[in-house]
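Convention: sequence-line order gives letters A, B, ...; per-chain numbering from 1.
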Number of protein chains: 2
Amino acid sequence: MPRKINLSEKIEQLRSFHEAEGRAPSYAEMAELFGYKSKNAVYGPVKKLLQLGYLDKGSDNRVQLTTKITGSTKLLGSVQAGFPSPAEEELVDTINLDQYLVRRPEATYLLTVSGDSMIEAGIQPGDLVLVEKGGVPKQNDIVVAQLDGEWTLKYFGKDATGVYLDPANAAYTRMRPERSLSIGGIVRAVVRKYGK
Amino acid sequence: MPRKINLSEKIEQLRSFHEAEGRAPSYAEMAELFGYKSKNAVYGPVKKLLQLGYLDKGSDNRVQLTTKITGSTKLLGSVQAGFPSPAEEELVDTINLDQYLVRRPEATYLLTVSGDSMIEAGIQPGDLVLVEKGGVPKQNDIVVAQLDGEWTLKYFGKDATGVYLDPANAAYTRMRPERSLSIGGIVRAVVRKYGK
DNA sequence: CTTGTTACTGTACGATCGTTCACTTACATA
DNA sequence: TATGTAAGTGAACGATCGTACAGTAACAAG
């Protein structure tokens, strides 16, 4: 039977190395980090971490850290499930919000919301919307649209009459373009930050 | 007068290198990337990019890319201002959502919201809340709390009677702990992703 | 033209890189 | 205890790393 290797400890060591240095360690640095005297000793653990997706190999042959290590937030279950007890030092993966939210980095922009036209969709003034340019909006997608000269945030829709824009606020009504309508982009995510 | 150097082009080249390789280039790779025949030629542009904050130098002497290059979203103005014309190829910095939202990575967790008790605060079922453990909640902070055995998302408050938890839903009422109340963490941000 | 400054080239250097090989140590099983 | 497998050590290899130095090319000012 193969001996048990403490991988979660090594993952934590890789996390702190990345936080301190901002880069992936070399084999020699990993040997020192893990407490080995020879850098060859890390080939075993590295192979396992590659299989588990914690490490990558680039076009040069150096190891690269994946978001499972470099990510800044640990993904847990639902609110109902509550928090894990601080005692259990389990193997928790981290994720990267950028990678989770952004599909096409070159076409994705962040805009600040002003106005309350989408308040009932949970989009408040001051929120950030992550907008992707260039796509074709589907029914009920939230879009950034320029309607008769002014930029707004609305639900996109189409019916027999043509294209329309719906607010998510009972105080406003459905709008249809009189002259021009241009879609700036489709809202892919909403981000709200509390505190200053 | 010093000759003009095209820095924004080099920044774009560094962005595409990072996207392709997932790492920072060496001096030799930068020489090839920028079209120089000698790697010494890049020392000049690199020095300027270091000053402008696009590059860093690590404890080894290799260059590191900052979020101004590796970030995945470009921060623009407000929705009202609309989109910049695609024609203008200006120097736009990118930001990193993780770095923007997360202050203490080791204490930050992501939970999925279930239930509609905070619906009027713009937090819907299925949203992700970014929760920071270990802080002391202030008046009207949104917290993950275990009230009499069950984990919920509520506004935190204190008055002469003691601690209470307020929902953001007219269908529910203020609650006060009968036996125990433990705060799991403070909600620092809300993230909603549209589409699958 | 000449001169001075800057941008760039080409070569060389020690250090470190990842990898390979031979060898020793540790330990479960028989 | 003896045996076999895996883990870890230590030395060596060519390749690439960042840096330094001398020299050339480009160009503005005189």
Side-chain angles (χ1 to χ4, degrees), chain A residues 1-66 68-70 91, chain B residues 1-66 68-70 91:
Chain A
M1 192 200 295
R3 266 174 283 172
K4 187 65 183 295
I5 298 180
N6 190 347
L7 278 183
S8 60
E9 184 190 353
K10 297 189 185 355
I11 290 171
E12 270 313 310
Q13 289 166 330
L14 288 172
R15 273 203 189 112
S16 50
F17 184 95
H18 176 258
E19 193 162 353
E21 300 291 337
R23 59 183 175 86
S26 68
Y27 280 88
E29 286 168 329
M30 280 191 282
E32 190 182 2
L33 194 62
F34 298 159
Y36 294 123
K37 293 185 179 177
S38 167
K39 56 181 174 177
N40 292 17
V42 302
Y43 271 73
V46 162
K47 190 179 177 185
K48 275 170 194 150
L49 290 171
L50 283 167
Q51 286 171 355
L52 294 173
Y54 287 92
L55 295 179
D56 256 344
K57 275 224 175 187
S59 62
D60 62 350
N61 284 319
R62 308 188 59 153
V63 290
Q64 296 180 228
L65 309 175
T66 66
K68 280 189 170 185
I69 287 180
T70 63
L91 206 68
Chain B
M1 193 199 296
R3 264 174 286 173
K4 186 65 183 293
I5 297 178
N6 191 347
L7 278 184
S8 60
E9 184 191 354
K10 297 189 185 354
I11 291 172
E12 270 312 311
Q13 289 166 330
L14 288 172
R15 275 207 186 105
S16 50
F17 184 95
H18 176 257
E19 193 162 353
E21 300 290 336
R23 59 182 175 87
S26 68
Y27 280 88
E29 286 168 328
M30 279 189 283
E32 190 182 3
L33 193 62
F34 298 158
Y36 294 123
K37 293 186 179 176
S38 167
K39 56 181 174 176
N40 292 16
V42 302
Y43 272 73
V46 162
K47 190 179 177 187
K48 276 170 194 150
L49 290 171
L50 283 166
Q51 286 171 354
L52 295 173
Y54 288 91
L55 296 179
D56 256 343
K57 275 225 172 184
S59 62
D60 62 350
N61 283 317
R62 307 188 58 155
V63 290
Q64 297 180 228
L65 309 176
T66 66
K68 279 189 169 185
I69 288 181
T70 64
L91 206 67

May I have the distance from [X] (atom [atom1]) to [N] (atom [atom2]), rounded to whole angstrom?
X	N	atom1	atom2	result
B/D60	C/dG14	CG	P	21 Å
B/L50	D/dG18	CG	P	13 Å
A/M30	D/dG8	CE	C1'	16 Å
B/Y36	D/dA25	OH	P	18 Å
A/K37	C/dT24	NZ	P	17 Å
A/K48	D/dA6	NZ	P	10 Å
B/E29	D/dC17	CD	C1'	10 Å
B/K47	C/dC8	NZ	P	15 Å

Check whether any side-chain heavy atom of B/L55 sits under 4.5 Å from a side-chain heavy atom of B/T66, and report yes or no. no
Does the side chain of B/R23 reach to within under 4.5 Å of the side chain of B/F17, using non-hydrogen atoms? yes
Could you tell me the separation between the CD atom of A/Q13 and the CD1 atom of A/I69, rounded to the nearest 0.5 Å? 11.0 Å
Spacing of CG belonging to A/L14 relative to OG1 belonging to A/T70, to within rounding of 0.5 Å: 11.0 Å
A/R62 side chain N/O closer than 4.0 Å to the phosphate oxygens (OP1, OP2) of C/dC17? no
B/E21 meets the side chain to side chain donor-acceptor pair (under 3.5 Å) criterion, sequence neighbours left out, with A/S59
Distances under 3.5 Å only, N/O to N/O: pair up the protein atoms with those of nucleotides 19-22 of chain D.
{"residue": "D/dT19", "atom": "OP1", "partner": "B/K57", "partner atom": "NZ", "Å": "3.2"}
{"residue": "D/dT19", "atom": "OP2", "partner": "B/Y27", "partner atom": "OH", "Å": "3.3"}
{"residue": "D/dT19", "atom": "OP2", "partner": "B/Y43", "partner atom": "OH", "Å": "3.1"}
{"residue": "D/dT19", "atom": "OP2", "partner": "B/K57", "partner atom": "NZ", "Å": "3.3"}
{"residue": "D/dA20", "atom": "N6", "partner": "B/N40", "partner atom": "OD1", "Å": "3.0"}
{"residue": "D/dA20", "atom": "N6", "partner": "B/N40", "partner atom": "ND2", "Å": "2.5"}
{"residue": "D/dC21", "atom": "N4", "partner": "B/N40", "partner atom": "ND2", "Å": "2.6"}

Is NZ or CZ of B/K10 both nearer than 6.0 Å to the six-membered ring centre of B/F34 and within 45° of the ring axis? yes
